[in-house]
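Note on naming: letters A, B, ... go to the chains in the order of the sequence lines (proteins, then strands), and numbering restarts at 1 for each one.
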There are 2 protein chains.
Amino acid sequence: MKNTTIYDIAREAEVSVSTVSRVLNDTAPVKASTRDKIMKVIEKHKFQPNALARSLIKKETGTIAMIVPDITNPFFPEVFYGANQEARDKGYTFFLCNTSGDDDRESEYLTILREKRVDGIIFIGGRINLANCPPELVQEVQEAAETIPVVLVNGNLAKTKFHRVYSDEAVGAALATQHLIDLGHRDIAFIGGLDFMTTTIQKVKAVKKTLEDQQLTLRKEWIQYGEFSIQAGRDLMNKLLDDSEHRPTAVLCVNDFTAIGAIKAASERGLHVPEDISIVGFDDSPLSTAVIPELTTVTQNTHELGKYAVERIFQINNGMPTKRTTVLTPKLIVRQSSGPAPVKRK
Amino acid sequence: MKNTTIYDIAREAEVSVSTVSRVLNDTAPVKASTRDKIMKVIEKHKFQPNALARSLIKKETGTIAMIVPDITNPFFPEVFYGANQEARDKGYTFFLCNTSGDDDRESEYLTILREKRVDGIIFIGGRINLANCPPELVQEVQEAAETIPVVLVNGNLAKTKFHRVYSDEAVGAALATQHLIDLGHRDIAFIGGLDFMTTTIQKVKAVKKTLEDQQLTLRKEWIQYGEFSIQAGRDLMNKLLDDSEHRPTAVLCVNDFTAIGAIKAASERGLHVPEDISIVGFDDSPLSTAVIPELTTVTQNTHELGKYAVERIFQINNGMPTKRTTVLTPKLIVRQSSGPAPVKRK
DNA sequence: TTGAAAGCGCTAACAT
DNA sequence: ATGTTAGCGCTTTCAA
């Protein structure tokens, strides 16, 4: 079933293709009568101009891609949502590339997206959160960035100067820590997150610093690294609670998933949150209001993250001035999972 | 910065473009020595063939689109995940189009996707869940389907014969109802979901039938329609509980979100789930294991839904035989939010 | 095994 | 205001 082309329209309307193109793009004045005639034919055939042909010439596709590690983690759909919202205003459509946290897939997608000549790539998670990203992986991204605007969201690649949009996770972690200190907690632990990812490292560092600034310490045994999942949170929390000699009165978690796992572990042992132990999450994902008790957490302005990333790409593609870095400040959201430190019993 | 083309490669390798094309696509034998020479030049320039030009000729883009109402609702990322997984195997990349449940956006995307000549469209949610979908909206989809394979996931359009993949929600609802009956419940309510959406209607109907088959009834006041959100679930549950004369001992919810809202409302009133009241969700989204108590719910085989949809598109595009309809059977997942009916107190 | 050339469907000078 | 024509970067006959 042959697609109708601009030529078919031109022939039937008895004009040249350029005239049809003109009415299609409104790129030059066309006499009202001929415009009408052309429009009639277009509508009759429900003609849809071939965007591929157009993109081939104009060297722009109206397409942006977002590379994410795991769309199933509610943090990413939120960022996507914000990005998509902005993209629509700017006339972009979105490729969503889920890598399942696999480096090779990231590389694959990078290649495909370049071949498809996307107008921009938003990179979030994966290699840009590695404390030590292998140079080959860095280079791949750099090569892509030579021809396509790339913006890194909530991550970075060492010794490079990519466009970045991120929320200052260190500030967020400090905020959460201070919140607990203010509630009278002195025995604070940190759980979750792989120890080779910057998201984890930055937070631990900030927690430690905030504590030390006030003559408190983060005990080594109270830093429990692991995955970012609910299950991991539960497991790590259990490890913490196993040591009945030394029990923290409050636990900071790398994200909301692990925080929820932590709450579950605590409840399963008959501990009440926050009466017996306070738990703080990170991300303010929709989950945080779904659990009981609702999670005290740190919001990352997820929608803005996506929004600014798209805006940046738009600016670059249109030769508008841009700054290379946009930093968003996280905010603490106090809900029900944190409370005053329990009074010591002995 | 000009992109290098196949011509540049040809010139530098001292061969014709057709030969370069041959090694690129492995479409005809090329002498090993010249192939090597060409590969060298390709790698030297990190040449990326322009997929647009190729697609223009081959009339296939290697791109599928998924139109979803709300990527922020964890049900959809799960379906996407399954689809994306399968898509990768088949060499497709994914457009993700978030409509925020807006008909106009759906229409917009339909147009854009046709212009972009995607190889298939997966439609989920939105108009295909309307009990009375306006004919114009139906027609739009039909027109798209004339040139592009369209598959409807968990929905339908009246008087049409689209390709469909869906899980039988009526069976799921019946399963959940029977589960409650078996636990001794006789006073069962249903909450959540807009009353003009098929997801809601089908479930209510199935609940009613299951009940009536066993001489039980679904009281009219115990059907509470509303949104699909946590907040809606909470509000509707509160309405139910406000009538202290007649209180159900079990509540079926249109999805996990509303179920969680219901649990919250119950807890806020000091009711224990499931001791005082049983609550059952629908979807088995990641949320269902995140809450306390973990949700008894109905799994919709989300990944399969996506997987089969992509598979179908692939089959259609490759002239393989396909059936028009794939039905998946939901399964009941019993967790902690449902239990034996409380003993009557008076 | 390789090359020449036509064409995919459109836009954008350049003419008229 | 409208038409002619040369590409955009690739694949694919058809010849050699």
Q. How close do B/Y166 and B/N154 get, heavy atom to heavy atom, and via which atoms?
A. CA-OD1, 3.2 Å
Q.
What's the angle between the local helix axes at either end of the helix from C/dT1-D/dA16 to C/dT16-D/dA1, using five pairs per end and rounding to 10 degrees?
A. 40°
Q | Listed nucleotide nearest any side-chain atom of B/N50, set C/dG9, D/dC10, D/dT2 | A | D/dC10
Q | Whole-Å gap separating P (D/dG9) and CZ (A/R117) | A | 8 Å
(Q) At a heavy-atom distance below 4.0 Å, what parts of residues 24-47 of chain A sit against DNA chain C? (A) A/N25, A/F47
Q: Can you tell me the distance, in whole Å, between the CG atom of B/L56 and the C1' atom of C/dT11?
A: 13 Å
Q: Assess whether one donor atom and one acceptor atom, taken from the side chain of B/S18 and the base of C/dA4, lie less than 3.5 Å apart.
A: yes
Q: Starting at atom CD of A/E60, determine the distance to atom C1' of D/dG9, rounded to an integer number of angstrom.
A: 17 Å
Q) Can you check whether A/S16 has a side-chain N or O nearer than 4.0 Å to OP1 or OP2 of D/dG3? A) yes
Q. CG of B/N3 versus P of D/dC8: gap in Å, rounded?
A. 13 Å
Q.
Show the nearest heavy-atom pair for residues B/Y92 and B/F314, with the distance to one decimal.
A. OH-CA, 3.5 Å
Q: May I ask you to check whether A/S18 and A/S21 show a side-chain donor-acceptor distance below 3.5 Å?
A: no
Q) Whole-Å distance between D/dT4 P and A/I6 CD1? A) 14 Å
Q: Please tell me if the side chains of A/I64 and A/V118 come closer than 4.5 Å, counting only heavy atoms from C-beta onward.
A: no
**Q.** Ring centre gap for A/F95 and B/F95 strictly below 6.0 Å
**A.** yes
Q. Below 4.0 angstrom from OP1 or OP2 of C/dG9, is there any side-chain N or O of B/K59?
A. yes
(Q) Without decimals, in angstroms, what is the distance between A/R11 CZ and D/dG3 P? (A) 14 Å
Q: Could I get the full list of salt bridge (Lys or Arg N to Asp or Glu O under 4.0 Å) partners for B/E14, not counting sequence neighbours?
A: none
Q | Backbone of A/T61 reached by a side-chain donor or acceptor of B/K116 within 3.5 Å | A | yes
Q) When you check the side-chain N and O atoms of A/E143 and A/Q139, is any donor under 3.5 Å from an acceptor? A) yes
Q.
If we count only N and O atoms by modelled type, under 3.5 Å, do the side chains of B/Q85 and B/H303 hold a donor and an acceptor together?
A. no
**Q.** Between D/dC10 (P) and A/E115 (CD): distance, integer Å
**A.** 10 Å
Q. Does any N or O donor sit under 3.5 Å from an N or O acceptor when you compare the side chain of B/R22 with the base of C/dG3?
A. yes
Q.
Taking B/E311 first and then B/K90, would you say they form a salt bridge - that is, a charged N and a carboxylate O separated by under 4.0 Å?
A. no
Q: Take atom CZ of B/R54 and atom P of C/dG9, then tell me their distance rounded to the nearest Å.
A: 18 Å
Q. Checking all strands, does B/S21 fall into the base, sugar-phosphate, or nothing category for heavy-atom contacts under 4.0 angstrom?
A. base
Q: Could you check B/I57 against B/E14 and say which one's nearest nucleotide on DNA chain C is further toward the 5' end?
A: B/E14
Q | From C/dG3, C/dG9, C/dT11, nucleotide with atom closest to B/V15 side chain | A | C/dG3
